[in-house]
Trainee: 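What follows is a single structure, and I will ask about it in a moment.
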Amino acid sequence: MDKLRIRGGVPLEGEVRISGAKNAALPIMCAALLTGEPLRLANVPLLMDVRTMAKLLRQMGVAAEPPSAGRMVLHAARITEPTAGYDLVKTMRASVLVLGPLLARCGQAKVSLPGGCAIGQRPVDQHVKGLQAMGATIAMEHGYMHAAAERLHGARIVMDMVTVTGTENLMMAATLAEGTTLLENAAREPEVLDLARCLTAMGAKIEGAGSDVIRIEGVRSLGGAEHHVMPDRIETGTYLAAAAATGGRVRLVGAAPDALDATLEKLREAGAEIRLGGGAIEIEAAGRPKAVSVRTAPFPGFATDMQAQFMALASIAEGTAMITETIFENRFMHALELQRLGADISIQGNTAVVRGVERLQGATVMATDLRASAGLVIAGLVADGETVVDRIYHLDRGYEALETKLGALGARIERIG
Ligand code: EPZ
């Protein structure tokens with residue numbers, strides 16, 4: 001079980017290159033199932049989840065090797081086994097994104113129910129409801145969804161709540177359905193728009209991606225394409241929060257500032273100076289950050305995937321911050337670990353009241369989910385003494401070469417067995 005050992009107290013200084021977005025790369029990899037021609041991708045991050053998705057696709061008969069220098073070619077010439085088994089699905093919930101494409105391409109799919117995870121129950125009822133509206137029959141048997149459809153047909157689907165992968169699954173399924181599909185109350189996340197750009201390059205007819213109403217006109221078939229995956233806005237936000245927390249000065253290259261307005265606004269409110277230009281973001285944090293309150297919401301609101309990182313920032317800020325989580329029902333586990341480092345946090349329902357302290361003390365803490373781990377690393381970067389973050393396989397799922405990138409910014413951080 002890998003751990004990270006961090007000796008805090010060093011302001012981060014220097015330049016870091018942002019990798020491709022995990023939450024864009026994963027649905028885009030599934031889009032390869034929609035065509036018998038090769039899909040050529042660039043700027044794909046080398047992450048555990050990307051390796052897992054490639055393995056899942058190979059099990060279906062897709063040619064899919066992990067990325068090399070960010071480049072990856074996926075070729076679903078024939079799909080020999082339209083199945084996503086529990087052994088892989090239980091390690092990566094995004095596996096559910098094969099459901100829509102398999103139904104659209106093969107007319108059948110057997111996909112394990114993902115089950116819950118640390119941050120919440122994570123149901124997929126909206127994915128199922130939408131596919132049924134498009135003519136699929138989906139039976140739940142022995143922990144699997146058995147789905148079938150002669151040919152999907154267009155439908156008007158109003159999502160009960162904003163769901164990112166729900167929107168992505170249905171948008172992919174609709175590209176090959178007969179007729180027009182309208183997705184209302186659709187997710188507006190930039191990763192949805194990046195997926196739509198890739199699908200359009202493959203020949204799909206999509207309007208409104210990035211807004212809450214997406215219109216897809218089905219076509220008979222899709223072709224291959226080339227696509228450059230968008231930068232990872234959550235990785236970007238994580239390094240920005242780390243720079244603000246450590247009082248450093250960092251230049252992020254290859255980032256996409258337009259996908260981060262809510263985070264940038266909150267960092268400015270915390271006292272950081274942020275300059276944009278030339279595809280880079282520069283942050284200069286002067287001294288101790290001011291406490292800023294955040295309330296997570298679907299895009300363009302403040303991202304739930306940035307909540308743990310901002311709780312770490314608030315732990316050492318001047319003043320008291322209210323952090324409210326409205327998307328997931330159990331996404332405060334990092335608060336209990338931050339308290340071990342000396343943070344003053346009290347949880348009241350879905351709000352954490354964080355009273356900033358002058359100093360945190362290093363300790364051994366345990367990562368519980370991907371973004372919680374990032375929050376604990378940020379806290380370790382500012383704590384006095386040594387912090388050991390355990391179970392960092394969570395981090396490896398979503399951050400490419402984290403300790404290498406932080407080390408290059410001056411952090412005293414190393415991976416220990
Ligand atoms: C995506 O998860 C991201 N994952 C998550 O990032 C992110 O936290 C989340 O969107 C919210 O932005 C990927 O894109 C691979 P949702 P997703 O469906 O799609 C409820 C990370 O750290 N819901 O938007 O699974 C659900 O329980 C990960 O990279 C239903 O009730 O999230 C939640 O409360 C963590 N029924 C809310 O909606 C459904 O059918 C939003 O979930 C679907 C969702």
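For ligands, and for the atoms within them, numbers begin at 1 and follow the listed sequence.
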Trainee: Is there a heavy atom of Val96 sitting under 4.0 angstrom from any atom of ligand 1?
Mentor: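 Contact check Val96 vs ligand 1: negative.
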Trainee: Flag Thr304 as yes when one of its N or O atoms lies below 3.5 Å from any N or O atom of ligand 1, and as no otherwise.
Mentor: no
Trainee: Specify the protein heavy atom at minimum distance from atom 28 (C) of ligand 1: its residue, its atom name, and the distance to 0.1 Å.
Mentor: Asp305 OD2, 3.9 Å
Trainee: Considering only NZ, NE, NH1 and NH2 on the basic side and carboxylate oxygens on the acidic side, decide whether Arg188 and Asp212 come within less than 4.0 Å.
Mentor: no
Trainee: Starting from atom 34 (O) of ligand 1, which protein heavy atom do you reach first, and at what distance in Å?
Mentor: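 The answer is Ile327 O, 2.6 Å.
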Trainee: How does Met161 reach ligand 1, if at all, at less than 4.0 Å between non-hydrogen atoms: by side chain, backbone, both, or neither?
Mentor: side chain
Trainee: Do me a favour and list the nearest non-hydrogen protein atom to atom 40 (O) of ligand 1 with residue, atom name and distance?
Mentor: Gln126 N, 2.8 Å
Trainee: Is any side-chain heavy atom of Val354 less than 4.5 Å from a side-chain heavy atom of Asp344?
Mentor: no
Trainee: Kindly identify the option in His394, Arg331, Arg371 whose heavy atom sits closest to atom 35 (C) of ligand 1.
Mentor: Arg331
Trainee: So which heavy atom in the protein is nearest atom 25 (O) of ligand 1, and how far is it from that ligand atom?
Mentor: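 Result for atom 25 (O) of ligand 1: Arg122 NH2, 3.1 Å.
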Trainee: Salt bridge check, Arg251 against Glu15: does any charged N sit closer than 4.0 Å to a carboxylate O?
Mentor: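 Salt bridge between Glu15 and Arg251, a charged N being under 4.0 Å from a carboxylate O: yes.
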Trainee: Should we count NZ of Lys55 as having more than 12 external heavy atoms under 6.0 Å?
Mentor: no
Trainee: Can you tell which of Val164, Val192, Val124 gets a heavy atom nearest to atom 16 (P) of ligand 1?
Mentor: Val164
Trainee: Tell me whether Arg415 is salt-bridged to Glu403, with the criterion being a basic N under 4.0 Å from an acidic carboxylate O.
Mentor: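 Counted as a salt bridge, because a side-chain N and a carboxylate O are separated by less than 4.0 Å.
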Trainee: Answer with yes or no whether the side chains of Lys405 and Ser19 bring together a donor and an acceptor at under 3.5 Å.
Mentor: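 A pair is found: one side chain offers a donor N or O, the other an acceptor, under 3.5 Å apart.
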Trainee: Do the ring centers of Phe310 and Phe302 come within less than 6.0 Å of each other?
Mentor: yes
Trainee: Inspect the surroundings of OH in Tyr86 and state if more than 12 heavy atoms from other residues, nucleotides or ligands are less than 6.0 Å away.
Mentor: no
Trainee: For ligand 1, is there an atom lying under 4.0 Å from some heavy atom of Arg397?
Mentor: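 The answer is no: ligand 1 sits nowhere under 4.0 Å from a heavy atom of Arg397.
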Trainee: Quick test: of every protein heavy atom, which one is nearest to atom 15 (C) of ligand 1, and how far off is it to 0.1 Å?
Mentor: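 Looking at atom 15 (C) of ligand 1, the protein heavy atom closest to it is Asn23 OD1, 3.4 Å.
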Trainee: Heavy-atom pairs closer than 4.0 Å: do any link ligand 1 to the side chain of Asp125, the backbone, both, or neither?
Mentor: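 The part of Asp125 near ligand 1 is both the backbone and the side chain.
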Trainee: Can you report which non-hydrogen protein atom sits closest to atom 19 (O) of ligand 1, along with the distance?
Mentor: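 The answer is Thr165 OG1, 2.6 Å.
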Trainee: Looking only at protein heavy atoms, which one is nearest to atom 18 (O) of ligand 1, and what is the separation?
Mentor: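 In this structure, atom 18 (O) of ligand 1 has Thr163 OG1, 2.7 Å as its nearest protein heavy atom.
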Trainee: If we set the cut-off at 4.0 Å for heavy atoms, which region of Glu168 has an atom near ligand 1: side chain, backbone, both, or neither?
Mentor: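 No part of Glu168 comes within reach of ligand 1.
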Trainee: Can you list the ligand 1 atoms lying under 4.0 Å from a non-hydrogen atom of His127?
Mentor: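 Those atoms are 40 (O).
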Trainee: Under 4.0 Å from a heavy atom of Lys22: which atoms of ligand 1 are those, numbered in the order shown and with their elements?
Mentor: 21 (C), 29 (O)
Trainee: I'd like to know whether ligand 1 has Pro123 as a neighbour, heavy-atom separation below 4.0 Å.
Mentor: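 In this structure, Pro123 qualifies as a contact of ligand 1 - some heavy atom is under 4.0 Å.
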Trainee: Got a sec: does the CZ of Arg71 have more than 12 other heavy atoms crowding it under 6.0 Å?
Mentor: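 No, the 6.0 Å shell around CZ holds no more than 12 heavy atoms from other groups.
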Trainee: Under 4.0 Å between a side-chain nitrogen and a carboxylate oxygen: does that hold for Glu400 and Lys22?
Mentor: no
Trainee: To which protein heavy atom is atom 32 (O) of ligand 1 closest, and what is the distance rounded to 0.1 Å?
Mentor: Phe328 CZ, 4.0 Å
Trainee: Going by an N to O cut-off under 4.0 Å, is there a salt bridge joining Asp261 and Lys266?
Mentor: no
Trainee: Looking at Asp305 and Arg233, is there a salt bridge between them, counting it only when a charged N and a carboxylate O are closer than 4.0 Å?
Mentor: no
Trainee: For ligand 1, which atoms, with element, lie under 4.0 Å from some heavy atom of Val162?
Mentor: 24 (O), 41 (C)
